[in-house]
Trainee: 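The structure that follows is given in the form of structure tokens.
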Amino acid sequence: AQVPGAERIGLGTPRGYQPRLEGWLKAAGIDRELLALDTTGAPAWGIEVRTARQGGRRLAYLINLLRQPIKTTLRWRAPDAHLRDWRTDTAIPNEVTLAPRQLIFGSY
């Protein structure tokens, strides 16, 4: 109430907040380079995704923070983007199943 424009979200779980946070990002015009989607097309719960630019290079990582495997579809803002795993120098398909705690770090 003391911060203009702030919204009170109350008690809940992180998983319960996810749809609201996604809505706020969209409303703010934040269009992420890469999303990891679940089988319904919603952002996959438990998959952390980050992208960055370093000079002319684009970097990304995905990690499954869950204790079970999760199938995810990678959706890129740039239609021709494809992730290459740095460790194996192989292309990562846009549909991938990440093992528990599996990390993919690459460039695109």
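Below, all heavy atoms of this structure are taken into account, side chains as well, without hydrogens, waters or symmetry copies. All values reported here derive from a predicted model rather than from experimental measurement. Sequence positions, counted from 1, serve as the residue numbers for this chain.
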Trainee: Which distance, rounded to the nearest 0.5 Å, do you find between the CD1 of Ile30 and the CD of Glu22?
Mentor: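 Nearest 0.5 Å value for the CD1-CD distance: 10.5 Å.
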Trainee: Hey, could you give me the CD/CZ distance between Glu33 and Arg50, rounded to the nearest 0.5 Å?
Mentor: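 Atom-to-atom, Glu33:CD and Arg50:CZ are 14.0 Å apart.
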Trainee: What closest approach, in Å, do Thr73 and Glu95 show between heavy atoms, and which atom pair accounts for it?
Mentor: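 Heavy-atom minimum between the residues: OG1-CG, 3.7 Å.
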Trainee: Does atom CD of Gln54 have more than 12 heavy-atom neighbours, drawn from other residues, nucleotides or ligands, at distances under 6.0 Å?
Mentor: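 Count not over threshold, so no.
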Trainee: Which pair of heavy atoms, one from Thr72 and one from Leu98, lies closest together, and at what distance?
Mentor: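 Between these two residues, the closest heavy atoms are CG2-CD1, 4.4 Å.
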Trainee: Please report the shortest heavy-atom distance between Ile70 and Leu66, naming the atom on each side.
Mentor: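 That would be CD1-CD1, 4.1 Å.
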Trainee: In Å, rounded to the nearest 0.5 Å, how long is the span from CD of Gln102 to CD1 of Ile63?
Mentor: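 Reported value, rounded in 0.5 Å steps: 9.5 Å.
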Trainee: Starting at CZ of Arg75, measure out to CG of Leu34 and round the result to the nearest 0.5 Å.
Mentor: 9.5 Å
Trainee: Using atom types as modelled and distance alone, determine if a side-chain donor or acceptor of Asn64 lies under 3.5 Å from a backbone N or O of Ala99.
Mentor: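 Yes, because the side chain of Asn64 sits within donor-acceptor range (under 3.5 Å) of the backbone of Ala99.
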Trainee: Using every non-hydrogen atom in the two residues, find where Leu62 and Ala36 come nearest and quote the distance to one decimal.
Mentor: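 Nearest pair, atom of Leu62 first, then Ala36: CD2-CB, 4.4 Å.
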Trainee: For Arg67, is the CZ atom crowded, meaning more than 12 foreign heavy atoms sit under 6.0 Å from it?
Mentor: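 Atom CZ in Arg67 is not crowded, with 12 or fewer foreign heavy atoms closer than 6.0 Å.
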Trainee: Ala60 and Leu83: which non-hydrogen atoms are nearest, and at how many Å?
Mentor: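 Closest pair (atom of Ala60, atom of Leu83, distance): CB-CD1, 4.0 Å.
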Trainee: Leu25 and Trp45: same hydrophobic cluster, using ILVMFWY side-chain contacts below 4.5 Å?
Mentor: no
Trainee: Measuring from atom CG of Asp85 to atom OG1 of Thr90, what distance do you get when rounded to the nearest 0.5 angstrom?
Mentor: 5.0 Å
Trainee: Are any side-chain N or O atoms of Arg84 and backbone N or O atoms of Gly106, one a donor and one an acceptor, separated by less than 3.5 Å?
Mentor: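 Not a single qualifying donor-acceptor pair exists.
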Trainee: Please test His82 against Asn94 for side-chain contact (heavy atoms from CB on, under 4.5 Å), starting from the C-alpha separation and ending with a verdict.
Mentor: CA-CA 8 Å; His82 297 285; Asn94 283 339; 4.3 Å; yes
Trainee: What about Ile47 and Trp76, same hydrophobic cluster or not, with Ile/Leu/Val/Met/Phe/Trp/Tyr joined at side-chain heavy-atom distances under 4.5 Å?
Mentor: yes
Trainee: Taking all non-hydrogen atoms of both residues, which atom of Gln18 and which atom of Ala44 are closest, and how far apart?
Mentor: NE2-O, 4.2 Å
Trainee: Quick one: do Leu103 and Leu65 end up in the same hydrophobic cluster if we chain Ile, Leu, Val, Met, Phe, Trp and Tyr together by side-chain heavy atoms under 4.5 Å apart?
Mentor: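 Shared cluster, yes.
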Trainee: Look at the side-chain heavy atoms of Ile, Leu, Val, Met, Phe, Trp and Tyr, link any pair under 4.5 Å apart, and say whether Tyr61 and Leu74 land in one connected group.
Mentor: no
Trainee: Following the transitive rule for hydrophobic clusters with a side-chain heavy-atom cut-off under 4.5 Å over Ile, Leu, Val, Met, Phe, Trp and Tyr, establish whether Val49 and Leu37 coincide in one cluster.
Mentor: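 No, no single cluster joins them.
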Trainee: Testing Leu59, Thr51, Asp80 one by one against Tyr108 for a side-chain contact (heavy atoms from CB on, under 4.5 Å), which residue passes?
Mentor: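 That would be Thr51; it is the only one of Leu59, Thr51, Asp80 passing the side-chain contact (heavy atoms from CB on, under 4.5 Å) with Tyr108.
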